[in-house]
Amino acid sequence: MKKLLSIGLLLFSQWVQAQQIRINTLNSSLVYSVNGQGRLVQEYFGKTLQPAGGNNSSQSGQEAYITAGMESLLDPAIRIVHNDGNPSLELKYVTFQSAKKDDNVTTTDITLKDPVYPVTVILHFEAYFREDVIKAWTEIKHTEKQPVLLTAYASSMLHFKAGHYWLSQFHGDWAREATMVEEQLNKGTKILDSKLGVRANMYQSPMFLLSLDQAPEENSGAVLAGTLAWTGNFRFGFEIDEKNALHVSAGINPYASDYTLKPNEVFTTPAFIFTWSDSGKGQTSRNLQHWAVNYGILDGHTPRLTLLNNWEATGMHFDEQKLTSLFGGAAKLGVDLFLLDDGWFANKYPRNDDKAGLGDWDNNKEKLPHGLGFLVKEAQKQGVKFGIWLEPEMVNPKSELYTQHPDWILRLPNRAEHYYRNQMVLDLINPAVQDFVFDVVDKTMSENPGIAYIKWDCNRTLTNTYSPYLKEKQSHLFIEYTRSLYKVLERVRVKYPHLPIMLCSGGGGRTDYGAMKYFTEFWPSDNTDALDRIYIQYGYSHFFPANTMAAHITNMGKQSLKFRTDVAMMGKLGYDIKVDNFTPQELQFSHDAVTTYNRVRDIVWYGDLYRLVSPYQQPRAVFQYTSTDKQKTIVFHYLMNTRRGDVFPLVKLQGLDPKKNYRVNEINLFPGTASAFNNKVYSGDFLMNAGISLTPGKVKPLTSNILEVVAE
């Protein structure tokens, strides 16, 4: 019997080693197998292997999900301390399942178990075939008699073997979001992370590009683009070992977040979303943008609303008469909606500046004696919808909420309170606070039927933080806050499934696909200077489609109204400006621009983006959006801080049909100006291989033009 059992185990071991697990998309393959020790290893990740079901096992791969406490010296994906104090984990392959959700999406679940301790880890994958995108996340559970301690819990690990590696990160600060920084990685470890909790990506955005063997290029080279679907602290680790292999881990930042996992509790990590291309970073962007529209954002194919915001016109100092007088400006522009920003609420501590009132979400009776409902109806009379600003996660110390519920606030005991923008964060982990935040939204909507849009703001980070509700489990705070936010957003979406909501966080402090499944768009930056916005929108375009990036025309900056408008038309168009100050020509131009935008927006929102000229490489930027059927393309050209005598080369378009002829016209012209481009016809082959000059006249700094290219 023992001999038969040994033979059976040997045969099973050989079968497992020979078995290969493939996760395929149209142009990429992620391949796992099981080594001689029964551990799951990554064999390959790159260009699709042929044949699709073939076996190319080399038995030389790196362990797929590295554990702490065993023989590996690499930064682990997971670390557990067991009941008996043993800080090790060994994961051996058990089984895998693969299933097709539909003709595009395939799920793969790989189960791993520790042979000594009752710990199970399931690696989940969801492959989007046509978009070349993979989502990876992990479930961790155990059946030990007492809780175990989790001190590391990555969503995913990937391993690479190349001669050289370049990392593109998107760093910044308030008003300088998504600044692209590219560097070559050397031996050792590079960490990109956030410890801010709320507004988690104020400094470092949760996204990166990894280029293999060569410096990053737009249209060539092997590139991985990755982002984490988590609206809290994140961590990306890049470790190059002594053999020049690169190991990439992605997940929640375990900083100050040891997690006590109870028996039978399932710890589910957020999804790491990634795509690979051997055609440069431009293709990874198009992959993610198409995936986002189809799967990653709320109502991705639903038209977004153009709007006029009152903030620049009034700040917090307004009354009903002043606001209703602005509705006419929205109607004159032809936008869909008027958005009332901060300052409309609180009575005992009126919201006249950012020092008071936050948390007291009642109509300010002095400013709005007839309430929001009156404004909704007045806006509708002028043919525009009405939207409202909320910041429901926050509280001012000078508020009734602060006085009535001191136990609802995240703050350290025995320490002085710390204020950022004169406010503090509510303890959203507390179910009573979750109810309160949901009720803020629900009450605002139910008491004012017709509100068609919400701007959800969040203007500070987590500092000096302690949750009265969590008590002795303070190390769960960062994780539970984000989970609690999602619970509230789930409730909002159950009752208001298609209400357009902008995700705003003091600028681009929240831009991730964990949140974007609940939101229709995000606010990239409080910096609306059009020159700076070119860089900001360029950065975000590597991971997000144009219809998610709210882009407003304001008076910030010294550029012309046309330049500011042309930049905003490359995103989700809006205005935050005093329309009554427009000259007749400016008003006519703006009204026509909204009409033009509505005509071409589907190409910008849903087409293929080609970043033809980077603002980091020349004192100009060129972006091209092409419909998927190659019938139409829109080219945005911005001259930036050019100098006298600058000469620019021809620009070669991309993504056209070489056999078709295309007619080129300039659109969005300011009244009274002429164009050198109108009604010229070129073949697609010529436009892509010879190119055209986008500066046929005198080069002038801070000027722009938009070309519409249509197949004959």
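Everything quoted here is computed from the prediction, not taken from an experiment.
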Considering only NZ, NE, NH1 and NH2 on the basic side and carboxylate oxygens on the acidic side, decide whether K572 and E521 come within less than 4.0 Å.
yes
Is the ring pair F236/F208 parallel, tilted or perpendicular, if the boundaries are 30 and 60 degrees?
perpendicular
Check this for me: does any side-chain nitrogen of one of D442 and K495 sit under 4.0 Å from a carboxylate oxygen of the other?
yes
Kindly state whether the ring of Y535 and the ring of Y616 have centres lying under 6.0 angstrom apart.
yes
Are the side chains of M502 and L305 in contact, using a 4.5 Å heavy-atom criterion?
no
Lys NZ or Arg CZ of R611 over Y538 ring: under 6.0 Å, within 45°
yes
Just say parallel, tilted or perpendicular for the rings of F170 and H542, cut-offs at 30° and 60°.
tilted
R533 side chain to V567 backbone, donor-acceptor under 3.5 Å
no
Does some side-chain heavy atom of Q380 sit less than 4.5 Å from a side-chain heavy atom of F327?
no
Grab the two heavy atoms, one from W389 and one from W344, that are nearest each other, plus how far apart they are.
O-NE1, 3.0 Å
Parallel, tilted or perpendicular, judged at 30° and 60°: which one describes the rings of W523 and H552?
tilted
Between R351 and D362 (salt bridge meaning N to carboxylate O under 4.0 Å), is one present in this structure?
no
Check the angle between the aromatic planes of H476 and Y259 and answer parallel, tilted or perpendicular using the 30° and 60° thresholds.
parallel
Is there a donor-acceptor pair under 3.5 Å between the side chain of T403 and the backbone N or O of L401?
no
Side-chain donor-acceptor contact under 3.5 Å, D566 with N668
yes
Taking the side chain from R564 and the backbone from Q559, do they hold a donor-acceptor pair closer than 3.5 Å?
yes
Are L410 and M424 close enough that some pair of their side-chain heavy atoms sits under 4.5 Å apart?
no
So with a 6.0 Å cut-off around CD of E366, is the heavy-atom count from everything else above 12?
no
Above 12 or not: heavy atoms from other molecules or residues under 6.0 Å from NZ of K398?
no
Electrostatic pair R483:E480 at N-O distance under 4.0 angstrom:
yes
What is the ring orientation for F478 with Y255, classed by angle as parallel under 30°, tilted 30 to 60°, or perpendicular over 60°?
tilted
K322 backbone acceptor or donor facing D319 side chain under 3.5 Å:
yes
In terms of relative ring orientation, are Y540 and F522 parallel, tilted or perpendicular, with 30° and 60° separating the classes?
perpendicular
Tell me whether the count of non-hydrogen atoms from other residues, nucleotides or ligands lying under 6.0 Å of CH2 in W311 goes above 12.
yes
Would you say the side-chain atoms of T520 pair up with the backbone N or O of P500, donor to acceptor, closer than 3.5 Å?
no
Main chain of R510, side chain of N201: is a donor-acceptor contact present, judged purely on distance under 3.5 Å?
yes
Ring pair (Phe, Tyr, Trp, His ring centres under 6.0 Å) for Y513 and W291? Distances and angles first, verdict last.
CA-CA 11 Å; Y513 284 114; W291 172 84; 5.1 Å; yes
Can a salt bridge be assigned to the pair D342 and K455 using a cut-off of 4.0 Å between side-chain N and carboxylate O?
no
Neighbour count above 12 (heavy atom, 6.0 Å) for K367 NZ:
yes
